[in-house]
Each structure stands twice: as structure tokens, then as C-alpha cells.
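Okay, structure first, notes after.
Counting convention: from 1, in listed order, for ligands and their atoms alike.
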Amino acid sequence: MKLTQLQLAQFDRDGYLFFPSHFTPEEIKKLTDEVPHLYAQDRPENVREKGKTSVRTNFAAHMYSEPFARLARHPRMVEPVEQLFGEKLYMHQFKINGKMAFDGDVWQWHQDYGTWLNDDAMPEARAMNVAIFLDDVNEFNGPLMFIPGSHKMGALEAGHDTSTTSYPLWTISNDNIRTLVDKGGIVAPKGPAGSMIMFHGCLVHASSPNLSPWNRVAVYLSLCTVSNHVRRFKRPGYIAHRDFTPIECLPDDCLVKDYPVDLPWKDGTPASELYGIPDGQAA
Ligand code: SIN
Ligand code: MN
């Protein structure tokens, strides 16, 4: 799949592209059938909502689940990002966010590059987020909100919020958000399961708690250009990957045909990936 000149110009202006119904219901069912099984597992990759049992985020399913291992190599997702950066990519992070009915908590205003820079020492914002909706997303179930054009500001000042939710985040002050929204406004792309969003690492985004009776499960892949790999391993390997091998895509029908994939963490996460490595101690 190739992005058009118009799409490239839109991405440059807004910092994101939205592709409604990019994957078919049959393809998405292969993924959604697997999610309850993943969320039920007792493994460190499942981060629960604060004080609740609902899963907020499941990390690195592509290392132990066949359908998600195939998604991680899907050309409809990987090729446009390769085109934009003109370089091969590796998987920096892979997560399935629950945002479960009634329980799904807030994601405060942030840029992902804030975390990649401050925690992982990623040299430049040459990494892209791709979100794929596994449920329909509407105005009630906590859609992702963007401030269009905010990616042009580069990495903004951020504070480390370790208490609002169960997951620490480098967040942006309300004063800065007010200024950015005065200029760019707020948009919240909504659409059926199977829709895809590509968004720039510096695009400021957030989502509200899910007070509706509908889950809003979505997969997020952070694809980093190989030469821009992270330099610090402070976070566990299952959250910020340390394997910079370029992604080789499978054929376009890989979600509905059983192409073989490696599942190196099927029998558990290697001990070396469970913890951060202090600066200066990485091999
Ligand atoms: C994120 O910003 O990484 C996730 C936001 C969301 O799932 O709403
Ligand atoms: Mn984010």
C-alpha cells in the first residue's frame, strides 16, 4: 500500500492520517477472538487499571500470540510508515489497550516521543504510532483525541506523572494544552472496528475515561526506524524492545491465512526482558 501525495501533505500538516475500515471484519475477528485469552493470562505484560482487575494494557503480544505476531508484520500497516521515513523499521513497542467498558481510565495529554526520549534515549522522533481499532470507536467510549499540527512543536516540556493511573506517563501541562488547542483545536477520529490511525511521535494526544457500556480495545504499534534505535534500556524489554531487527512483512492476506511465525515468548517472558538495565550496564 502506497500513500498518495495528498495523504503525505495531510500527514505533514496534521500529524496523523485516518484510514476507516482498513481491515475487514473477518481479519479483525482473528484478533478479537484472541484478546480475552491474552487478558486472562497472569503475566507481567498485563497492566491492570488502578485498583481494578480490568486490563489497561497488554504488552508484546506479538511475541507470544500467533494472530498478533502476524499483525506485527502486516504490509498494510508497515509499508506506509516505511514509505514516510524511507527506511526499514523495527518494533519499539506493541500494546493492546483495553479501555474497557466503565473501567477504562484516562490517558493524560502527552506526546509518545516524550517517553521515548526521556526514558529510552531515542535520538529523534523518527518513529510512528499506528493504532488499529478492534472495537467500534464512538464519542462515548473514550476515543483518542489529537491536537492537529501539534507535532510541529517537536518534543515539548513534560512532567513524569506516576500517580494518576496505573501506568507512568510524561504529561504536558494544562497551560500548554490550552495554548496548543487555541491554535489547532481537537479532533477525535471515530469509526468501525478495523479502522487504522497513523500518528506522529510528537502529536499531542489523550483520551477520556470510558463511562460507556462498550469496550474500546485497540492495538498500538510503535514502529521506529532502525538507525534511530533506542540507546537506553531503563524500561523492561517487554515495554521498550531491545531487538532492532528490521521487520519483514508477510503477504497481505496474513491475518486470514496461517503463515508460520516465531513465538519466542510463548512459554514465558525471558528473565532478561522483565527488568530495565541501568545506564552503562547494557551489553
Ligand atoms: C496512548 O496514548 O498510548 C494510548 C491512548 C489510548 O489508548 O487512548
Ligand atoms: Mn500515547
Side-chain angles (χ1 to χ4, degrees), residues 15-16 18 31 35 38-39 45-50 52 54-61 81 91-120 122 125 127-148 150-151 153 155-156 158-162 164-172 177 180 186-191 193 195-212 214-224 230 235 238-241:
Y16 74 95
F18 183 44
L31 303 169
V35 173
L38 288 172
Y39 279 6
E45 288 92 340
N46 276 332
V47 176
R48 316 259 160 200
E49 297 285 8
K50 198 173 184 176
K52 295 180 176 155
S54 302
V55 170
R56 176 175 182 77
T57 298
N58 164 277
F59 285 103
V81 183
M91 188 66 69
H92 172 59
Q93 185 176 80
F94 188 105
K95 60 184 194 261
I96 311 169
N97 281 359
K99 187 73 89 172
M100 303 305 275
F102 303 113
D103 285 349
D105 208 349
V106 63
W107 287 83
Q108 314 92 302
W109 286 108
H110 68 284
Q111 296 171 307
D112 283 10
Y113 186 60
T115 300
W116 301 338
L117 177 67
N118 289 310
D119 285 346
D120 308 327
M122 184 186 284
M128 181 81 74
N129 278 315
V130 183
I132 296 157
F133 301 175
L134 298 192
D135 286 310
D136 297 348
V137 174
N138 57 45
E139 62 266 57
F140 307 111
N141 63 355
L144 203 52
M145 301 186 286
F146 296 131
I147 305 178
S150 55
H151 63 301
M153 305 297 293
L156 296 162
H160 205 202
D161 181 346
T162 56
T164 302
T165 73
S166 59
Y167 187 70
L169 205 60
W170 288 88
T171 61
I172 297 171
I177 294 301
L180 290 169
I186 301 179
V187 296
K190 296 170 282 285
S195 301
M196 179 175 104
I197 310 174
M198 276 172 48
F199 61 102
H200 194 285
C202 291
L203 191 70
V204 177
H205 60 285
S207 64
S208 302
N210 184 1
L211 296 177
S212 83
W214 304 298
N215 294 338
R216 195 227 64 185
V217 179
V219 190
Y220 291 83
L221 305 95
S222 305
L223 300 165
C224 185
V230 298
R235 299 198 288 169
Y238 65 85
I239 296 181
H241 291 289

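Ring orientation note: the planes of Tyr220 and Phe199 are nearly perpendicular, at an angle over 60° on the 30°/60° scale. Ring orientation note: the planes of His205 and Phe146 are nearly perpendicular, at an angle over 60° on the 30°/60° scale.
Counting only heavy atoms of the protein, atom 4 (C) of ligand 1 lies nearest to Asn97 ND2, 3.2 Å. The protein non-hydrogen atom at the shortest distance from atom 6 (C) of ligand 1 is Tyr220 OH, 3.2 Å. For atom 8 (O) of ligand 1, the closest heavy atom belonging to the protein is Ser207 OG, 2.6 Å. The protein heavy atom nearest to atom 3 (O) of ligand 1 is Lys95 NZ, 3.1 Å.
Side-chain atoms of His92 and Asp120 include a donor-acceptor pair closer than 3.5 Å. Between the side chains of Thr57 and Asn97, at least one donor N or O lies within less than 3.5 Å of an accepting N or O.
With a heavy-atom cut-off of 4.0 Å, Arg216 touches ligand 1 through its side chain alone.
With ligand atoms numbered from 1 in the order given, ligand 1 contributes 5 (C), 6 (C), 8 (O) to contacts under 4.0 Å with heavy atoms of Leu144.
Remark: Lys95 engages Gln93 in a side chain to side chain donor-acceptor pair (under 3.5 Å) (not counting sequence neighbours).
A salt bridge (Lys or Arg N to Asp or Glu O under 4.0 Å) check over residues 96-115, counting only residues at least two apart or in different chains, returns the pairs Lys52-Asp103. Residue pairs meeting the salt bridge (Lys or Arg N to Asp or Glu O under 4.0 Å) criterion with at least one partner in residues 134-144, sequence neighbours excluded, do not occur; the list is empty.
Between the side chain of Asn215 and the backbone N or O of Val217, no donor-acceptor pair lies under 3.5 Å. With Gln111 contributing its side chain and Leu156 its backbone, the two residues share a donor-acceptor pair below 3.5 Å.
Within a radius of less than 2.8 Å around the Mn ion (ligand 2), the protein N, O or S atoms are His110 NE2, Asp112 OD1, His205 NE2.
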